[in-house]
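Quick note: numbers below take in every heavy atom, side chains included, and nothing from hydrogens, waters or symmetry partners. Within every chain, numbering begins at 1; the chains are lettered A, B, ... in the order of the sequence lines, protein sequences first and strands thereafter. All values derive from a computational prediction rather than experimental measurement.
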Number of protein chains: 2
Amino acid sequence: MSQTDTVSRILDAAEALFAERGFTETSLRTITSTAGVNLAAVNYHFGSKKELIQAVFERFLTPFTEDLEAELDRRIATGQELHVEGLLESLYRVGLGGLSDRGLDPQRFMRLLGLAYTQFQGHLRRFIVSRYGDSYRRFAGLLAEALPGVDPVTFYWRLYFMLGATIFTLSSYDAIEAILREDFGAQSSLPETLERLVPAASAMLKVEAI
Amino acid sequence: MSQTDTVSRILDAAEALFAERGFTETSLRTITSTAGVNLAAVNYHFGSKKELIQAVFERFLTPFTEDLEAELDRRIATGQELHVEGLLESLYRVGLGGLSDRGLDPQRFMRLLGLAYTQFQGHLRRFIVSRYGDSYRRFAGLLAEALPGVDPVTFYWRLYFMLGATIFTLSSYDAIEAILREDFGAQSSLPETLERLVPAASAMLKVEAI
DNA sequence: CATCATTTAAAACAGTTGTTTAACTCTGGC
DNA sequence: GCCAGAGTTAAACAACTGTTTTAAATGATG
């Protein structure tokens with residue numbers, strides 16, 4: 001084994017197994033044997049399982065937020081109007097394209113993001129907020145500006161509605177797609193689903209009624 | 001201890017602890033010591049931890065679906081038009097009111113429902129689908145009828161968008177509410193949040209654009 | 001060539017997990 | 001009054017968890 005790719009082999013295996021089964025359901029022994037490395041390597045390189053979990057998230061969240069920031073900069077620089085649909089498209093395009101360019105599976109990315117919210121790992125939520133909170137707040141701010149009629153509290157609730165619809169749906173994408181394929185024979189792709197999500201989420205954010 | 005309330009004491013403790021920490025993160029020893037019963041009682045009365053998890057869900061999903069069916073029957077019997085907002089209101093009213101009448105915490109109910117979808121317990125999903133799938137399909141069918149313009153595949157994706165927005169938001173209700181209270185000083189109640197969710201989810205289901 | 005970080009191996013660590021056992025207590029029906 | 005059976009108890013089971021330690025081997029860098 002060529003020395004230092006041990007770290008990335010562990011990250012690869014951990015990422016796949018976490019997305020598939022969750023954190024507590026995945027043991028270090030499963031990870032290391034999948035990665036073909038020694039059990040002690042995880043504690044040697046990462047310190048603990050907690051820090052391994054954080055490292056997995058860091059590896060895909062850092063390029064994701066960087067790409068998103070760049071995309072927002074680009075949109076602002078070219079003087080494009082920042083309407084709701086455009087912002088959501090930016091978000092989804094980065095999540096879909098930017099990551100797969102780097103060889104990362106966007107679906108796995110969504111499953112992990114869903115886990116970060118629903119599994120009970122306090123340290124993970126704290127880690128993500130402290131590391132990527134600024135980018136999140138920037139995006140939320142731009143979205144709020146694009147919705148001048150909506151009062152702040154209502155806006156934030158709807159932002160969470162949107163996050164819920166996105167994360168929930170995409171992290172169970174395979175299961176939902178399988179059901180629809182069985183019932184309607186129609187198979188849909190991930191980009192197609194995002195194309196359905198943009199107008200739906202936009203409509204939800206924009207409603208006039210109380 | 002008055003003999004046979006051991007079963008319900010276990011269910012009470014398990015329900016609260018599962019909602020708080022998740023399934024794998026909650027040990028039988030924590031459950032039994034919280035309930036004040038012997039460790040072996042779980043295996044004696046329920047057979048296994050899996051079956052205990054299912055029993056917890058059965059205890060609140062059975063009254064919930066019965067109430068929902070009754071509410072739908074009532075709406076149809078009184079000849080009310082079944083529009084989208086009304087159906088969602090029925091769903092949320094039953095989830096909120098019907099359960100708390102029975103002394104069950106609606107938020108806990110939502111957290112557990114979220115867990116059922118996101119935790120990796122294949123047996124749970126199978127159990128719920130086989131037991132409550134008919135009620136689910138009936139509700140989905142009525143909702144589809146109220147949306148004649150929307151093609152079936154798009155409808156089902158949007159149904160999952162709505163489920164995601166609902167389950168995700170309400171299962172993290174406490175956390176989100178705390179953030180909004182800190183940032184805006186405005187505190188919102190669960191009924192208020194559902195009042196925001198009805199028009200938002202309706203708008204999402206009804207959009208005209210592709 | 002020596003050095004030092006990296007990797008492997010194997011073992012042990014101390015906990016925790018779900019489950020099972022066998023003995024015990026209690027109670028309702030004969 | 002007694003006894004079968006349901007209910008409870010403490011103890012032990014075997015398996016697994018994350019982590020640490022020992023040791024030896026490997027490889028790149030200076």
Side-chain angles (χ1 to χ4, degrees), chain A residues 1-59 112 115-116 119-124 126-127, chain B residues 1-59 112 115-116 119-124 126-127:
Chain A
M1 182 170 320
S2 62
Q3 278 289 93
T4 45
D5 61 1
T6 300
V7 169
S8 58
R9 292 174 62 94
I10 293 174
L11 285 172
D12 288 342
E15 184 181 287
L17 289 164
F18 286 155
E20 197 178 304
R21 323 179 184 182
F23 305 122
T24 34
E25 293 83 355
T26 305
S27 72
L28 292 182
R29 282 169 180 80
T30 312
I31 293 171
T32 50
S33 71
T34 303
V37 303
N38 188 269
L39 169 61
V42 168
N43 292 283
Y44 178 79
H45 287 286
F46 297 94
S48 66
K49 189 181 181 181
K50 271 187 188 179
E51 288 164 289
L52 169 61
I53 295 175
Q54 293 176 4
V56 167
F57 276 81
E58 189 169 24
R59 190 172 64 157
L112 289 171
L115 289 188
Q119 299 256 67
F120 303 83
Q121 305 266 352
H123 70 96
L124 224 196
R126 265 174 272 129
F127 171 79
Chain B
M1 183 170 321
S2 61
Q3 278 290 89
T4 44
D5 61 0
T6 300
V7 169
S8 58
R9 291 175 63 94
I10 293 173
L11 285 173
D12 288 341
E15 185 182 285
L17 289 165
F18 285 156
E20 198 177 306
R21 324 180 182 180
F23 305 122
T24 32
E25 292 83 355
T26 304
S27 72
L28 293 182
R29 282 168 180 81
T30 312
I31 293 171
T32 51
S33 70
T34 303
V37 304
N38 188 270
L39 169 62
V42 168
N43 292 282
Y44 178 78
H45 287 287
F46 297 93
S48 66
K49 190 181 180 181
K50 271 187 189 180
E51 289 164 288
L52 169 62
I53 295 174
Q54 293 176 4
V56 166
F57 275 81
E58 189 170 24
R59 190 171 64 154
L112 290 171
L115 290 188
Q119 300 257 65
F120 303 82
Q121 305 268 351
H123 69 96
L124 223 197
R126 267 174 270 129
F127 171 79

The side chain of B:N38 lies closest to which of these nucleotides: D:dT19, D:dT9, D:dT17? D:dT9
Taking D:dT8, C:dT7, C:dT19 as options, the one with an atom nearest any side-chain atom of B:H45 is D:dT8
Below 4.0 angstrom from OP1 or OP2 of C:dT7, is there any side-chain N or O of A:T6? yes
Can you say whether the rings of A:F57 and A:F23 are parallel (under 30°), tilted (30 to 60°) or perpendicular (over 60°)? tilted
Atom CD of B:E25 and atom P of C:dT17: how far apart are they, to the nearest Å? 11 Å
From C:dT19, D:dG18, C:dT6, pick the nucleotide closest to the side chain of A:Y44? C:dT6
Value for CZ (B:R9) from OG1 (B:T32), rounded to nearest 0.5 Å, stands at 11.5 Å
Picking from C:dT20, D:dG18, C:dG18, the nucleotide nearest the side-chain atoms of A:S27 would be D:dG18
B:I53 has an atom CD1; how far is it from atom C1' of C:dG18, in whole Å? 12 Å
Distance check needed: D:dT19 C1' versus A:K50 NZ, whole Å only. 14 Å
So if I take every side-chain heavy atom of A:N43 and compare against C:dT6, C:dT21, D:dT19, which nucleotide ends up nearest? D:dT19
Whether the side chain of A:T30 engages the backbone of A:T26 through a donor-acceptor N/O pair (distance < 3.5 Å, no angle test) should be reported. no
Is the side chain of A:E51 donor-acceptor paired with the backbone N or O of A:S48 at a distance under 3.5 Å, no angle test? yes
Separation of D:dC16 atom C1' from B:L28 atom CG, nearest Å, is 15 Å
Can you tell me how far P of D:dT19 sits from CD1 of A:I10, to the nearest Å? 13 Å
Starting from P on C:dT19, measure out to CZ on B:R29 and report it in whole angstrom. 11 Å
Whole angstroms only, please: what is the CZ-C1' distance between A:R9 and C:dT8? 13 Å
Judged by each residue's nearest nucleotide on DNA chain D, which is more toward the 5′ side, A:V42 or B:A41? B:A41
Assign each of B:F23 and A:L39 the nucleotide of DNA chain C bearing its closest heavy atom; nearer the 5' end lies the nucleotide of A:L39
Quick note, A:S48 side chain, CB onward, closest among C:dG18, D:dT19, D:dT8 is D:dT19
Determine the minimum heavy-atom distance between A:A19 and A:L115, stating which atoms define it. CA-CD1, 4.5 Å
Taking CG from A:L52 and P from D:dT17, how many angstroms apart are they, rounded to a whole number? 15 Å
What contact category does A:T26 fall into here, base, sugar-phosphate, or nothing, at under 4.0 angstrom with non-hydrogen atoms? sugar-phosphate
